[in-house]
2 protein chains.
Amino acid sequence: MVKKTGRPGYLQIADELRERIRGGLLAPGEPLPSTAQLAEQFDASLSVVKMAVGILRNEGLVVGQQGKGVFVQEDGQPEQDSDLRTEVTALRSAVQDLTRRLEQVEAALPAADPKTRN
Amino acid sequence: MVKKTGRPGYLQIADELRERIRGGLLAPGEPLPSTAQLAEQFDASLSVVKMAVGILRNEGLVVGQQGKGVFVQEDGQPEQDSDLRTEVTALRSAVQDLTRRLEQVEAALPAADPKTRN
DNA sequence: CAAGCCAACTAGGTCAACTATGTTGGCTAT
DNA sequence: ATAGCCAACATAGTTGACCTAGTTGGCTTG
């Protein structure tokens with residue numbers, strides 16, 4: 001980690017990973033190194049690495065899959081101004097749709113056993 | 001706080017604060033309650049509150065001033081890109097959450113209700 | 001009275017430990 | 001050989017502690 005620039009470590013790491021992705025060093029679909037590996041690479045604690053990854057996750061640059069890893073998002077960077085409005089509209093309707101479906105299914109559940117896993 | 005929705009506390013708190021700001025309950029220039037107060041209000045740990053505030057800070061909705069407090073961004077220009085970006089972030093987060101919950105419930109619902117697709 | 005110190009607040013960053021949950025692969029017992 | 005268990009690893013979330021640093025207001029002291 002890094003320079004004593006006063007810039008917080010978790011931001012520096014997020015910057016670096018963002019750079020690696022944009023630069024193609026980490027291709028879409030590829031997994032990032034594990035949290036522990038990153039912590040060692042950057043000589044930082046697990047917490048700051050998790051914070052850094054959380055930022056990228058929040059940005060949609062990366063998707064975490066529990067138990068497997070964190071993967072570079074396939075879908076590129078739409079996120080341009082004109083696309084933003086479009087995406088807002090699409091997301092808003094998606095939320096409404098999902099909410100409706102969820103409520104239906106949840107209502108159709110009497111008191112099902114939550115242990116019902118495969 | 002901690003509604004049993006499985007949605008992480010730090011996201012629930014971020015959502016709630018975002019809502020308060022958008023709803024005008026917290027006006028631009030006004031300070032949020034202190035970290036400690038929020039922690040008590042939401043019955044969460046300081047860490048979780050700090051994570052939530054960090055998200056809003058990252059979204060530009062709010063600015064922290066060390067030693068004083070965290071203030072709702074004045075900016076002015078309503079309905080600008082930052083506003084859209086904020087909503088995109090919030091919506092994307094909500095979509096991910098709802099999708100996960102839906103898939104869980106639907107998967108746990110083998111043929112309990114054949115009428116509702118599946 | 002005024003200068004300066006100090007205690008109590010604030011945000012922000014970092015760390016370590018624990019829980020939970022999902023995935024995978026290897027071992028074992030049938 | 002196959003089914004099931006289990007250990008090791010992964011992300012994710014939470015908590016609590018400790019530290020830095022800025023701000024404020026009250027108290028002490030000169």
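Below, chains carry the letters A, B, ... as their sequence lines are ordered, and counting in each starts from 1.
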A/Gln37 (side chain) donor-acceptor with A/Ser34 (main chain) under 3.5 angstrom: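 Confirmed, A/Gln37 side chain pairs with A/Ser34 backbone.
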
Backbone of B/Ala27 reached by a side-chain donor or acceptor of B/Glu30 within 3.5 Å: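 Such a contact is found between B/Glu30 side chain and B/Ala27 backbone.
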
Integer-rounded Å distance: [N] [atom2] and [X] [atom1]:
X	N	atom1	atom2	answer
A/Phe42	C/dC15	CZ	C1'	18 Å
B/Phe71	D/dG22	CZ	C1'	12 Å
A/Ile55	C/dT14	CD1	P	10 Å
B/Glu40	D/dT15	CD	C1'	17 Å
A/Leu11	C/dT14	CG	P	8 Å
B/Met51	C/dG12	CE	P	15 Å
A/Gln12	C/dG13	CD	C1'	12 Å

Heavy-atom side-chain proximity of [X] to [Y] below 4.5 angstrom:
X	Y	answer
A/Glu16	A/Gln12	no
A/Val70	A/Val63	no
A/Gln73	A/Leu61	no
B/Leu17	B/Leu32	yes
B/Val49	B/Ile13	yes

Set of residues satisfying side chain to side chain contact (heavy atoms under 4.5 Å, CB included) with respect to A/Gln65, sequence neighbours excluded: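 In terms of side chain to side chain contact (heavy atoms under 4.5 Å, CB included), with neighbours along the sequence ignored, A/Gln65 is linked to A/Lys68, A/Phe71.
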
Contacts of type side chain to side chain contact (heavy atoms under 4.5 Å, CB included), residue A/Ser47, not counting sequence neighbours: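 Side chain to side chain contact (heavy atoms under 4.5 Å, CB included) list for A/Ser47, sorted by chain: A/Ser45.
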
side-chain N/O B/Tyr10 vs D/dG13 OP1/OP2, d < 4.0 Å: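 It does, given that an N or O in the side chain of B/Tyr10 lies less than 4.0 Å from OP1 or OP2 of D/dG13.
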
Sugar-phosphate or base contact per nucleotide [nucleotides 3-11 of chain D; S, B, -; heavy atom under 4.0 Å]: -------BB

Short heteroatom pairs, N/O only, protein and nucleotides 16-19 of chain D, under 3.5 Å:
{"unit_1": "D/dG16", "atom_1": "N7", "unit_2": "B/Ser47", "atom_2": "OG", "d": "2.9"}
{"unit_1": "D/dG16", "atom_1": "O6", "unit_2": "B/Ser47", "atom_2": "OG", "d": "3.2"}

Full working for side chain to side chain contact (heavy atoms under 4.5 Å, CB included) between A/Leu11 and A/Ile55: CA-CA 8 Å; A/Leu11 286 184; A/Ile55 289 176; 3.7 Å; yes

side-chain hydrogen bond (donor to acceptor under 3.5 Å, both in side chains) partners of B/Asp15, counting only residues at least two apart: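 Per chain and number, B/Asp15 pairs via side-chain hydrogen bond (donor to acceptor under 3.5 Å, both in side chains) with B/Arg7, B/Arg18.
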
Axial bend angle, the helix from C/dC1-D/dG30 to C/dT30-D/dA1: five-pair end segments, nearest 10°: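 One end axis against the other gives 30°.
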
